[in-house]
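This report refers to the structure that appears directly beneath it.
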Amino acid sequence: MIPLEEARGLAAAQAALSPVQVPVEQGLGCVLAEPVRTLLPIPHADTSAMDGWAVTADPPGQGWEVSPIAATGPADILEPLQSGQAAGVVTGSPIPEGASSVLRSEHSRRDEQGRLHAEPETPDLSPGRNIRTRAAEADQGEELLAAGDLLTPLRAATAAVAGVDTLLVRPRPRAQIIATGTEVISSGIPAPGEVRDSFSMALPALLTAMGAQPQGQILRNPDDAEALAASLAPGPDSPELVVTVGGTAHSPADPLRRALAARSAQILFPAVDMRPGHPVVLAQLPESAPGQATYVLGLPGNPLAGYAALTAIGLPLINALRGFPESAAAQPRRMRAGQDLEPARKGTRLLPVRYTPNGVVPAGFDRPHMMRGLAHAQAFAIVPTGDRGEGIPAGAPVDCLPIPTQQEVGIQPWDD
Ligand SMILES: Nc1nc2c(c(=O)[nH]1)N[C@H]1C(S)=C(S)[C@@H](COP(=O)(O)OP(=O)(O)OC[C@H]3O[C@@H](n4cnc5c(N)ncnc54)[C@H](O)[C@@H]3O)O[C@H]1N2
Ligand code: MOO
């Protein structure tokens with residue numbers, strides 16, 4: 001059993017997955033393994049910012065002579081302008097050589113001879129006006145995104161603008177979910193001796209929100225160590241992470257530790273001094289090929305315990321594997337206790353809490369086998385215990401672990 005901070009530190013210290021080259025759109029949500037430099041100047045040509053007229057400087061007294069060929073779209077390339085000439089352009093049109101600025105259409109007028117005049121007050125005749133200058137945003141070769149940057153949709157769009165088609169990224173770890181528990185059913189009303197599955201509904205979405213890629217079907221394993229060991233067998237497509245649910249304890253019905261031993265797994269920690277969730281296990285299966293290791297995160301079967309372990313240990317592990325250890329999502333957030341927060345009898349307590357204007361308050365219904373409080377919690381408050389503190393008094397600071405996907409949940413009817 002190791003302290004919670006140590007377990008979180010160990011999870012966060014695991015090496016990032018090796019980078020892979022992927023099409024930009026497949027890199028979404030991944031961390032860049034090398035900088036993105038633009039392959040072209042941005043913009044790569046002087047273009048018009050307005051619909052209107054590319055005009056030469058110093059309009060002749062009788063107005064500009066309008067070129068018979070106007071741009072009908074940004075793809076039309078116009079002939080150079082002679083002195084005193086103008087040519088119709090649209091937003092995005094390459095600026096013809098010889099033009100000084102773009103006179104927008106609503107600031108212009110044509111006379112009966114078809115010559116072009118500018119409104120007297122228009123600012124559009126100052127040189128360069130309404131022209132997007134070549135390379136104003138970036139010179140060719142300039143770094144737009146750094147190694148270590150998370151590829152958000154807007155950054156993917158920036159890479160596309162830079163002419164880039166593929167990126168070197170750290171992949172998001174693939175995660176296989178294995179649920180144990182002969183008594184667990186996935187639909188309907190449980191009979192005595194059965195329990196409705198509290199994990200399969202949420203784990204894929206939660207793991208995705210945490211930065212992993214859940215793989216295919218959830219495997220359902222009876223409480224049988226041999227069957228579980230077989231599910232953990234390495235293969236060419238072994239995922240980087242296996243998340244198991246249940247069977248972490250030491251009864252004859254609990255197969256995980258025996259299955260890990262049968263697979264010669266290296267146990268990174270066998271339990272964590274936290275309540276609930278102390279039987280959480282982190283292990284690593286032997287490499288099936290060089291550099292191809294699979295982590296096994298064993299979540300306790302009690303729902304609140306499993307989700308506490310996933311938030312406290314799974315999230316920093318996933319962020320480490322995807323090369324994003326500094327992710328704000330995995331860092332404790334310093335909040336204020338809105339009321340006294342009671343410690344556990346032993347170990348660090350992970351208490352589901354709600355955010356209120358006065359600080360965080362217990363979400364209630366927080367026994368290890370319960371879901372009701374967690375459904376309305378936004379974070380787990382880390383409440384130290386014993387010689388490391390005696391709970392947290394109202395008004396004092398408290399570190400909280402935000403639960404991904406729960407940040408938008410609001411005040412509930414049973415509030416005082
Ligand atoms: N003698 C001891 N007994 C237990 C201890 C202990 O220290 N000594 N620890 C308790 C704690 S704490 C926890 S947590 C659990 C750990 O349980 P396991 O990981 O072995 O999980 P199971 O025994 O398989 O199940 C526990 C509980 O959760 C229910 N469960 C399992 N899977 C699901 C699921 N997918 N959806 C909903 N509920 C599930 C299962 O039916 C059990 O009720 O051990 C305590 N016991
Ligand atoms: O992990 Mo158990 O309470 O600690 O459910």
Side-chain angles (χ1 to χ4, degrees), residues 1-4 7-8 175-207 214 217-225 227-228 231-232 242-261 267 269-283 296-314 342-352 362-363 365-375 377 380-383 385-386 401:
M1 181 102 82
I2 63 172
L4 176 60
R8 284 171 51 75
Q176 176 66 58
I177 302 167
I178 303 181
T180 69
T182 311
E183 75 285 12
V184 178
I185 62 165
S186 52
S187 64
I189 312 286
E194 291 181 336
V195 63
R196 186 66 193 267
D197 193 342
S198 315
F199 286 96
S200 304
M201 195 62 85
L203 273 184
L206 258 173
L207 286 167
Q217 291 283 310
I218 295 173
L219 295 180
R220 298 197 177 274
N221 230 105
D223 290 327
D224 175 278
L228 184 54
S231 301
L232 296 176
V242 173
V243 177
T244 65
V245 177
T248 60
H250 300 270
S251 87
D254 294 321
L256 181 62
R257 289 164 205 274
R258 279 174 287 136
L260 290 173
I267 305 291
F269 48 77
V272 177
D273 196 12
M274 61 190 246
R275 298 292 185 289
H278 73 92
V280 59
V281 189
L282 183 61
V296 180
L297 176 66
L299 303 178
N302 272 336
L304 186 60
Y307 287 117
L310 180 68
T311 306
I313 312 292
E342 298 298 324
R345 241 178 346 95
K346 51 181 182 168
T348 301
R349 184 175 190 190
L350 288 179
L351 176 68
F365 302 101
D366 52 26
R367 304 298 305 149
H369 58 285
M370 294 180 172
M371 277 303 296
R372 184 174 171 181
L374 193 53
F380 285 100
I382 302 175
V383 185
T385 304
L401 300 174

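Counting starts at 1 for both ligands and their atoms, following the listed order. This one's a predicted model, so the numbers in the text were calculated from it and none came from an experiment. Residues: numbered from 1 along the sequence shown.
- Shown here, atom 45 (C) of ligand 1 is out of close reach of the protein: none of its heavy atoms lies under 4.0 Å off.
- The two residues A363 and G373 come nearest to each other via the heavy atoms CB-O, 3.4 Å.
- Proximity to R196 (heavy-atom distance under 4.0 Å) selects the following atoms of ligand 1: 36 (N), 37 (C).
- Rounding to the nearest 0.5 Å gives a distance of 6.0 Å between NE2 of H278 and CE of M1.
- Proximity of D197 to ligand 1, defined as any heavy-atom pair under 4.0 Å, is shared by backbone and side chain alike.
- With rounding to the nearest 0.5 Å, the separation of CG in L219 from CG in L232 is 9.5 Å.
- Of the protein's non-hydrogen atoms, the one nearest atom 32 (N) of ligand 1 is V184 CG2, 3.6 Å.
- For ligand 2, residues of the protein lying within 4.0 angstrom by heavy-atom distance are P276, G277, H278, P279, N302, A305, P368.
- Scanning the protein for heavy atoms near atom 23 (O) of ligand 1, the closest one is D254 OD1, 3.2 Å.
- Note that atom 41 (O) of ligand 1 has protein non-hydrogen atoms nearby, at separations under 4.0 angstrom.
- In the model, T385 has no side-chain atom that pairs as donor or acceptor with a side-chain atom of R275 under 3.5 Å.
- The protein atom (non-hydrogen) at minimum distance from atom 43 (O) of ligand 1 is N302 OD1, 4.2 Å.
- Expressed to the nearest 0.5 Å, how far OG1 of T311 lies from CZ of R8 amounts to 9.5 Å.
- Heavy-atom contacts of P300 reach the following atoms of ligand 1: 14 (S), 19 (O) (cutoff under 4.0 Å).
- Using a 4.5 Å cut-off on side-chain heavy atoms (C-beta onward), L297 and L310 make contact.
- Rounding to the nearest 0.5 angstrom, the gap separating the CG atom in L282 from the CD1 atom in I267 is 8.5 Å.
- Contact annotation: G181 has no heavy atom less than 4.0 Å from any atom of ligand 1.
- Atoms of ligand 1 lying under 4.0 Å from any heavy atom of S198, numbered from 1 in the order shown and given with element: 34 (C), 36 (N), 37 (C).
- With hydrogens left out, the protein atom closest to atom 16 (C) of ligand 1 is T248 OG1, 3.8 Å, a heavy atom.
- Closest heavy-atom approach to atom 12 (S) of ligand 1 within the set R257, H278, M371: this belongs to H278.
- Dense packing is recorded around CZ of R196, with more than 12 heavy atoms of other residues, nucleotides or ligands lying under 6.0 Å away.
- The shortest non-hydrogen separation linking D223 to G181 is OD1-N, 2.9 Å.
- Distances from atom 37 (C) of ligand 1 to the protein include at least one heavy-atom value under 4.0 Å.
- When every heavy atom of F199 is checked against every heavy atom of Y307, the shortest pair comes out as CA-OH, 3.2 Å.
- Within a 4.0 Å radius of atom 1 (N) of ligand 1, the protein contributes no non-hydrogen atoms.
- Below 3.5 Å of separation, one finds no N or O of F199 facing any N or O of ligand 1.
- Within the 4.0 Å heavy-atom shell around ligand 1 one finds E183.
- L304 places a side-chain heavy atom less than 4.5 Å from the side chain of F380.
- How far CG of L256 is from OG1 of T244: 4.5 Å, rounded to the nearest 0.5 Å.
- The CG atom of N302 lies 12.0 Å from the CE atom of M371; values are rounded to the nearest 0.5 Å.
- P362 and L351 make their closest contact through CG-CD2, 4.1 Å (heavy atoms, listed as atom of the first residue, atom of the second, distance).
- The heavy atom nearest to atom 18 (P) of ligand 1, considering only A308, G247, A309, P368, is found in G247.
- Residue contacts with ligand 1: G301 is placed with a nitrogen or oxygen under 3.5 Å of a nitrogen or oxygen of the ligand (distance criterion only).
- Using 4.0 Å as the threshold, R275 has no heavy atom nearer than that to any atom of ligand 1.
- The two atoms that bring I313 and A7 nearest to each other are CD1-CB, 3.7 Å, heavy atoms only.
- The minimum heavy-atom distance linking L228 with N221 is given by the pair N-ND2, 3.3 Å.
- Counting protein heavy atoms under 4.0 angstrom from atom 10 (C) of ligand 1 gives zero.
- Within the 4.0 Å cut-off (strictly below), no protein heavy atom is located near atom 4 (C) of ligand 1.
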